[in-house]
Number of protein chains: 2
Amino acid sequence: MAKCHPRREPAVQLDHIHQGDCVEVLNSLPERSVDLVFADPPYNLQLQQELWRPNMTRVDAVDDEWDRFDDFAAYDRFTRAWLAGCRRVLKDTGTLWVIGSYHNIYRVGAILMDLGYWILNDVVWVKTNPMPNFRGVRFTNAHETLIWAQKERGARYTFNYEAMKALNDGLQMRSDWELPICTGAERLKLNGTKVHATQKPGALLYRVLAAASEPGDVVLDPFFGTGTSGAVAKKLHRRWVGIERHAQYVQVAAERIAQIEPGDLARELFVFPRKRAQARLPFGVLLEQGLLQPGQTLYFRDDDARPAQVLANGQIKCGERIGSIHEVARALLGAPSNGWEVWFFRAPGQPGQPIDYLRAQARAMRDGA
Amino acid sequence: MAKCHPRREPAVQLDHIHQGDCVEVLNSLPERSVDLVFADPPYNLQLQQELWRPNMTRVDAVDDEWDRFDDFAAYDRFTRAWLAGCRRVLKDTGTLWVIGSYHNIYRVGAILMDLGYWILNDVVWVKTNPMPNFRGVRFTNAHETLIWAQKERGARYTFNYEAMKALNDGLQMRSDWELPICTGAERLKLNGTKVHATQKPGALLYRVLAAASEPGDVVLDPFFGTGTSGAVAKKLHRRWVGIERHAQYVQVAAERIAQIEPGDLARELFVFPRKRAQARLPFGVLLEQGLLQPGQTLYFRDDDARPAQVLANGQIKCGERIGSIHEVARALLGAPSNGWEVWFFRAPGQPGQPIDYLRAQARAMRDGA
DNA sequence: GTTTCAACTGAATCATTGC
DNA sequence: CGCAATGATTCAGTTGAAA
């Protein structure tokens, strides 16, 4: 394939784990090639001593080599490097998710703002079953924080609003997500011990990917670990790219993902249609289609006191005001307004209805009904 | 009194609002004189345009002069100055609370770590009634973040563990606090308009002061506003010190606090978190948890004749109907219907069961099995 | 007095397209 | 790039008037 396009920058190798240092690998990838980054970086927990439960069992804490940094400055340098690397490989329309705790998330958030990322939301993962505070000296640390940011302020980005709303039984999805931690059968183990100290639940990744990517999009995870993001990406028909230093994690992740069957599921199951995607339909088309007649009367919010006359050119006239349905509505309301919703028509023997109803008819006619 | 100890640094003037610039006043106060700082600094929202609700009313946004900064660098300088000032006046055993949103909290958190504060917890205030996202372009911004930090790592500090546990019906108080925003009779108004754009609920301050101070302790608020922290401090028999620039806020706060009778605890301060057992569980969670798969078939009342397909966004499709489990069931029945009871799933080699069985499983997972 | 309903509101970084 | 035109979009709670 590469031979066919010798001058083009190589495409990123998809559905593949790159073993190596995260910053080095990031810098070797082509720029503007990734739609979504999910990053679960080391938290720099700085734990200093062992912790024992009241029942005298020892807490198996995160003490891995990869979570040790000399000081804040070292952690900041590392953070700036990988965040900048991710920004380079992101498409301009891409977004980034980072998860962290109070140990690191404030530093991460400040640095990504300084690098030019623009925060869209922060989201709190509220854990239904967190580890208690055994010593009774602080509040139960029952949440982690995710930051969702776009590459640059003002760019277009993917947010499957309706899908999120549907997933939340018809109410807008909020910034607090209540989900259990990764335990039981979901937790990857070897010889009875957990493979990775900080494996994230698939449900968390499901929501992230479903919210902020589309089927076929490329999802990059620079701290791949045991590959939860890749596993969920495969299930949701996204492409994935992993970066991971440690051979054991790479091996476990590869095997895990290979076992997943995205299934013969129709792709359409994973397309979340957006209302915005509907093609624009000018008001004048209603005249051309014969759904409205020149001279016919419309009523502002179905109010007899404010009739308007439909002109043959697709404008309307209300008193002395002439303009589009939107312009006249805006003048009457003193506020930005959707003319399709506020102007009503009346058919003989029928109650008034918004002209948006006629637009739906016109669309059906146009789309070949 | 001062005459008796002419050589000692003067004590901070208690139960008093210092009108003036917060950093200047802080630097004029005696060092190591304060037990607890509660700070609600400007968030630097950077709003750029008007926002209208779908019903064409305008959102009354925070556009006050005190929330405007030239750039991140200016905001950081300001933040470093007041955080350093607070650290100087804090006793070594003192702690600091700061509240913020994603606009500012990451910068605040990073700076306070750099200044030597040591974070004890972060806490999320989960709002029961946040403002929705009217344009459908992000998640509902439904929480704010509080950071709780001690002056220096390892010092003794006040945490009323048992009181918090009692306040949470006998369970350890967690880092997620579910509380309503400040509305209704609690919201201070003059001539029908809110006095301050960002008045915090007393219940939030109640929990902060009850957790991290003792009766008689000195509580300092460098952004006093309309004095919620002082009002709660007085109710809880703490001493308070306020700093506020604006004369009108100072006046309103002083009058408000003067009217308070300590010990006369307002009922709204005892807002308890909702029982988790009653929490709603959206159908989509079954997908996120992997209890159902996209594309899987459900059966209306276990009837082969009416299968439905589970979509990846948590809706179902039965024939040409698409909607929530409740909506589709309602359409089939012609009556309001509980989708959890009428839709059945079938596991291999098992009789069909209502999906309510899966909801019970998901709840068990969520509630910590 | 009780119930119903319309109007209003809250720390909000809140659009996209074509000229 | 800027500007103008088109048009998509809300949840929980309070208040007060109407029924």
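Residue numbers start from 1 in every chain, and the chains themselves are labelled A, B, ... in the order their sequence lines are given, proteins ahead of strands.
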> Do Trp343(A) and Val328(A) have side chains that get closer than 4.5 Å, going by heavy atoms?
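Yes - at least one pair of side-chain heavy atoms lies under 4.5 Å apart.
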> What does Lys165(A) touch in the nucleic acid at a heavy-atom separation under 4.0 angstrom: a base, only the sugar-phosphate, or nothing?
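The answer is sugar-phosphate, as Lys165(A) gets under 4.0 Å only of primed atoms, P, OP1 or OP2.
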> Would you measure the distance from the P atom in dG7(D) across to the matching atom in dC14(C) and give it in whole Å?
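Nearest-Å result for dG7(D) against dC14(C) at atom P: 22 Å.
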> For Leu171(A), answer base if it contacts any base atom (sugar-phosphate contacts may also be present), sugar-phosphate if it contacts only those atoms, and nothing otherwise; contact means non-hydrogen atoms under 4.0 Å.
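If one applies the 4.0 Å heavy-atom cut-off, Leu171(A) turns out to touch the sugar-phosphate alone, with no base involved.
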> Do Asp304(A) and Tyr299(A) pair up side chain to side chain, a donor and an acceptor below 3.5 Å, judged on atom types alone?
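Result is no, nothing qualifies.
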> Hey, are Arg107(B) and Asp114(A) close enough for a salt bridge, meaning a charged N less than 4.0 Å from a carboxylate O?
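Looking at Asp114(A) together with Arg107(B), the answer is yes, because their closest N to O distance falls below 4.0 Å.
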> For the side chain of Arg359(A) and the base of dG7(D), is some donor closer than 3.5 Å to an acceptor across the two?
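Check fails, no donor-acceptor contact within cut-off.
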> Determine the interatomic distance between C1' on dT13(C) and the same-named atom on dA12(D); round to the nearest Å.
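These two C1' atoms come out 23 Å apart once rounded.
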> Taking only the C1' atom of each, what is the distance from dT9(C) to dT10(D) in whole angstrom?
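12 Å, rounded to whole Å.
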> Say we look at dA17(D) and dG1(C): how far apart would their C1' atoms be, to the nearest angstrom?
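Roughly 15 Å separates the two C1' atoms.
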> Within the structure shown, what part of the strands sits under 4.0 Å from Arg156(A) by heavy-atom distance: base, sugar-phosphate, or nothing?
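No contact.
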> Is a donor-acceptor contact shorter than 3.5 angstrom present between the side chain of Trp118(A) and the base of dT13(C)?
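Indeed there is one.
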> Quick check on DNA chain D: between Trp52(B) and Thr183(B), whose nearest nucleotide comes earlier from the 5' end?
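Nearer the 5' end of the strand: Trp52(B).
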> Which part of the nucleic acid does Ala61(B) contact within heavy-atom distance under 4.0 Å: base, sugar-phosphate only, or nothing?
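Base contact - Ala61(B) has a heavy atom under 4.0 Å of at least one base atom.
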> Met173(A) near the nucleic acid: base, sugar-phosphate alone, or nothing, with a heavy-atom cut-off under 4.0 Å?
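If one applies the 4.0 Å heavy-atom cut-off, Met173(A) turns out to touch nothing in the nucleic acid.
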> Just call it for Asp40(B): base, sugar-phosphate, or nothing, with non-hydrogen atoms closer than 4.0 Å on any strand.
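Base, at least one base heavy atom under 4.0 Å.
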> Using a cut-off of 4.0 Å on non-hydrogen atoms, how would the nucleic acid contact of Leu281(A) be classed: base, sugar-phosphate, or nothing?
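The residue Leu281(A) makes sugar-phosphate contact but no base contact.
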> When you measure only distances, ignoring hydrogens and angles, does the side chain of Arg280(A) come within 3.5 Å of the base of dT16(C) through a donor and an acceptor?
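Checked by distance alone, the answer is no.
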> What is the nucleic acid contact for Ser101(B), judged by heavy atoms within less than 4.0 Å: base, sugar-phosphate only, or nothing?
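Nothing: the residue Ser101(B), judged by heavy atoms under 4.0 Å, touches no strand.
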> Are the side chain of Asn129(B) and the backbone N or O of Ile181(B) linked by a donor-acceptor pair below 3.5 Å?
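Checked: pair present.
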> Looking across every strand, which nucleic acid part, if any, lies under 4.0 Å from Ser337(A) by heavy atom: base, sugar-phosphate, or nothing?
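Base contact.
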> In which ranges does DNA chain C form stems of 3 or more consecutive Watson-Crick or G-U pairs, distances under 3.5 Å?
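Stem segments, range with range: C:2-10 with D:11-19, C:15-19 with D:2-6.
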> Strictly under 3.5 Å: I want the nitrogen or oxygen pairs between protein and nucleotides 4-8 of chain C, one per line.
none

> Where does dT10(D) land, syn or anti, once you apply the within-90°-of-0 test for syn?
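What dT10(D) shows is an anti base, its glycosidic angle lying more than 90° from 0.
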> Could you list by number each residue of residues 64-83 of chain B showing a heavy-atom separation from DNA chain C of less than 4.0 Å, or answer none if no residue does?
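Contacts with DNA chain C under 4.0 Å: Trp66(B), Asp67(B).
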> Mind checking if Gln172(A) touches a base, just sugar-phosphate, or nothing, with heavy atoms under 4.0 Å?
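Gln172(A): backbone/sugar contact only, no base atoms under 4.0 Å.
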> What is the nucleic acid contact for Pro282(A), judged by heavy atoms within less than 4.0 Å: base, sugar-phosphate only, or nothing?
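Pro282(A): no heavy atom of the nucleic acid under 4.0 Å.
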> Please determine whether a side-chain nitrogen of the Lys or Arg among Arg301(A) and Asp303(A) lies less than 4.0 Å from a carboxylate oxygen of the Asp or Glu.
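Looking at Arg301(A) and Asp303(A), the cut-off is not met.
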> At under 4.0 Å between heavy atoms, what does Asn338(A) touch on the DNA or RNA strands: base, sugar-phosphate, or nothing?
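Touches a base.
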> Is there a donor and acceptor pair, one atom on the side chain of Lys194(B) and one on the base of dA11(C), closer than 3.5 Å?
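Answer no: no donor N or O sits under 3.5 Å from an acceptor.
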